K.L.:
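Could you have a look at this structure, given as structure tokens, before my questions?
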Amino acid sequence: MYCFNNDYSEGAHPRILEAIKNASSDQHTGYSLDSHTEHAKALIKQAVHREDVDIHMLVGGTQTNMLVISAALRPHQAVIAAETGHINVHETGAVESTGHKVLTRQAADGKLTPALIQTTLDGHTDEHMVQPKMVYISNTTEIGTQYTLDELEALSRFCRQKGLYLFLDGARLGAALTSPVNDLTLADIARLVDVFYIGGTKNGALFGEALVIAHPGLKEDFRFMIKQKGAMLAKGFLLGIQFEELFQDDLFFQMAAYANQMAAILKEAFTDCGFPFFSDSATNQQFPILPNDLIAKLRESYQFQDQQAVDADHTAVRFVTSWATKEEAVRRFAQDLKRLA
């Protein structure tokens, strides 16, 4: 049984495990104040072409989303997200548990636009309603699509005109930045958004997200917020070592590019068989629409997730590849698909 359920089924890249092993018997300052974390931060600042950002190492995506949003917003304020956004669908009300409403908009491609955001602003006009103050986007989105430079620039302009924070969830940022259709860089993102994070959990690390804060108003007392929310890892050097390794020799980008390449083989196989897609993804998440009887046959040998029922006989499913996906397994799946279809 081969797993295409997600991009965190495997442990970590051997280089990361070796780096942790080599540093394991050394003594380190706790709470991410160690030399490895400082070096990792320096490497990330080089990658984003900004020395004025604050960087914090956190354990996971839900933790990071909840922490950023709750730290940025006042009690009466809310965050706007696409209906498919992770904070709305897959985080068990984590944001709402901090007292902040998630205001959602339907977006067929999973991406917010200034026009969609404006409709939310138009519906929240006075003190009898929550006040929209932040826009949350994901790149890649939860359905594998991604923002272009023009789209992100338009969102950035709009949010700054309207006094809204722009927050980018980068749990799968590596996949977005190495996609064959991408025209964004880390430096573009650091220039255009107020706060974002670089996902390690879904790109070859054991765990970890590197949060980058660009907006001066969001920087103050952030370590206090981390500690209060239970997000400060005592052995923070384990995060620092991982990001230190990820941002040396382009390992972060190499792993993401490989995951996208494996997904491209899957996409070609589905296309060759004539199956349509739920979304147009050039990244490591693919969403083919398959007959239910074929899905049942494929599940005898492969694990993958249902995304959404399309009709009585067809379902959109999700296949995800990772840095560690075996090419021979991908090609074997392609052969099995063509045989069964």
Side-chain angles (χ1 to χ4, degrees), residues 1-10 61-62 81-93 102 104-113 116 119 137-147 169 171-172 175-176 179-181 202 259-322 324-341:
M1 185 73 68
Y2 197 80
C3 178
F4 291 106
N5 271 352
N6 54 56
D7 36 16
Y8 44 89
S9 290
E10 299 89 2
T62 297
E83 194 171 60
T84 52
H86 208 268
I87 60 171
N88 181 52
V89 179
H90 286 123
E91 296 190 354
T92 325
V102 179
T104 61
R105 304 305 307 175
Q106 278 194 325
D109 59 359
K111 297 190 289 186
L112 289 180
T113 64
L116 283 175
T119 60
I137 60 174
S138 305
N139 201 36
T140 62
T141 71
E142 291 72 16
I143 56 173
T145 53
Q146 59 197 100
Y147 286 87
D169 177 327
R172 290 192 171 97
S179 157
V181 301
K202 295 177 180 177
N260 287 343
Q261 290 162 13
M262 294 302 100
I265 297 172
L266 292 178
K267 185 174 186 178
E268 183 179 19
F270 291 123
T271 301
D272 288 348
C273 291
F275 295 121
F277 290 85
F278 181 74
S279 66
D280 184 17
S281 170
T283 64
N284 73 319
Q285 297 183 92
Q286 294 296 320
F287 299 84
I289 298 172
L290 305 178
N292 292 341
D293 57 349
L294 175 59
I295 291 172
K297 293 175 184 176
L298 290 171
R299 283 206 162 116
E300 294 176 6
S301 301
Y302 301 96
Q303 294 180 7
F304 51 92
Q305 293 183 336
D306 288 348
Q307 177 70 17
Q308 181 176 312
V310 174
D311 57 38
D313 300 313
H314 297 82
T315 301
V317 293
R318 186 183 80 151
F319 282 75
V320 190
T321 54
S322 79
T325 297
K326 293 179 171 59
E327 183 172 350
E328 57 267 29
V330 174
R331 296 201 180 277
R332 182 171 65 250
F333 173 85
Q335 292 173 355
D336 288 346
L337 175 70
K338 291 175 183 180
R339 173 175 55 83
L340 293 169

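All values reported here derive from a predicted model rather than from experimental measurement. All heavy atoms count here, side chains included; hydrogens, waters and symmetry mates do not. Counting begins at 1 with the first residue of the sequence.
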K.L.:
Check for a donor-acceptor pair, side chain of S281 on one end and backbone N or O of T283 on the other, with a separation under 3.5 Å.
P.N.:
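Judged by distance alone, yes, a pair lies under 3.5 Å.
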
K.L.:
Just by distance, no angles: are the side chains of Q286 and R318 close enough, under 3.5 Å, to form a donor-acceptor pair?
P.N.:
no

K.L.:
Search all heavy atoms of T321 against all heavy atoms of D7 and return the closest pair with its distance.
P.N.:
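Where T321 meets D7 most closely, the heavy atoms are O-CB, 3.5 Å.
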
K.L.:
Quick one: list whatever passes side-chain hydrogen bond (donor to acceptor under 3.5 Å, both in side chains) with T140, sequence neighbours left out.
P.N.:
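Applying side-chain hydrogen bond (donor to acceptor under 3.5 Å, both in side chains) to T140 gives none.
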
K.L.:
Can you check whether I265 reaches R331 side chain to side chain, under 4.5 Å on heavy atoms?
P.N.:
yes

K.L.:
What residues, two or more places apart in sequence or in another chain, satisfy ring pair (Phe, Tyr, Trp, His ring centres under 6.0 Å) together with H86?
P.N.:
H90

K.L.:
Could you list the residues that satisfy side-chain contact (heavy atoms from CB on, under 4.5 Å) with A309, not counting sequence neighbours?
P.N.:
none

K.L.:
Treating T104 as the side-chain partner and A82 as the backbone partner, does any N or O pair qualify as donor plus acceptor under 3.5 Å?
P.N.:
no

K.L.:
Locate the shortest heavy-atom distance separating G110 from Y147; write the atom from each residue and the value.
P.N.:
O-OH, 4.2 Å

K.L.:
Do you see a donor-acceptor pair shorter than 3.5 Å between the side chains of D109 and T145?
P.N.:
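Checked: D109/T145 side chains show no N/O donor-acceptor pair below 3.5 Å.
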
K.L.:
Could I get the full list of side-chain hydrogen bond (donor to acceptor under 3.5 Å, both in side chains) partners for S279, not counting sequence neighbours?
P.N.:
none

K.L.:
Going through the checks in order, is the side chain to side chain contact (heavy atoms under 4.5 Å, CB included) test met by T315 and I295?
P.N.:
CA-CA 8 Å; T315 301; I295 291 172; 3.8 Å; yes

K.L.:
Over 60° means perpendicular and under 30° means parallel, so tell me whether F333 and F319 are parallel, tilted or perpendicular.
P.N.:
tilted

K.L.:
How close do Q308 and F278 get, counting heavy atoms only, and between which atoms?
P.N.:
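Nearest pair, atom of Q308 first, then F278: OE1-CZ, 3.6 Å.
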
K.L.:
Restricting to pairs with a member in residues 259-268, which pass side chain to side chain donor-acceptor pair (under 3.5 Å), not counting sequence neighbours?
P.N.:
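Found T178-N260, K267-D280.
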
K.L.:
If you apply the rule side chain to side chain contact (heavy atoms under 4.5 Å, CB included), what do you find for R105 with L112, and how did you get there?
P.N.:
CA-CA 8 Å; R105 304 305 307 175; L112 289 180; 4.1 Å; yes

K.L.:
For F275 versus P291, what's the shortest heavy-atom pair and its separation?
P.N.:
CE2-CD, 3.6 Å

K.L.:
Scan side-chain atoms only and decide if S179 and Q146 contain a donor-acceptor pair under the 3.5 Å cut-off.
P.N.:
yes

K.L.:
Counting only heavy atoms not in E328, do more than 12 fall under 6.0 Å of its CD?
P.N.:
yes

K.L.:
Verify, without hydrogens or angle tests, whether N284 (side chain) and S322 (backbone) share a donor-acceptor contact under 3.5 angstrom.
P.N.:
no

K.L.:
Applying salt bridge (charged side-chain N to carboxylate O under 4.0 Å, His left out), which residue pairs with at least one partner in residues 300-311 are found, sequence neighbours left out?
P.N.:
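Every pair satisfying salt bridge (charged side-chain N to carboxylate O under 4.0 Å, His left out) with a residue in residues 300-311: R299-D306.
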
K.L.:
Give a yes or no on whether K338 atom NZ has more than 12 heavy-atom contacts from other residues, nucleotides or ligands under 6.0 Å away.
P.N.:
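Yes.
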
K.L.:
How about Y2 and F4: are their ring centroids closer than 6.0 Å?
P.N.:
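Ring-ring flag for Y2/F4: true, centres closer than 6.0 Å.
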
K.L.:
Could you tell me whether a side-chain N or O of T119 sits under 3.5 Å from a main-chain N or O of L116, the two making a donor and an acceptor?
P.N.:
yes

K.L.:
Is it the case that the side chain of N292 and the backbone of A312 share a donor-acceptor pair, with hydrogens and angles ignored and the cut-off at 3.5 Å?
P.N.:
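Yes, because the side chain of N292 sits within donor-acceptor range (under 3.5 Å) of the backbone of A312.
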
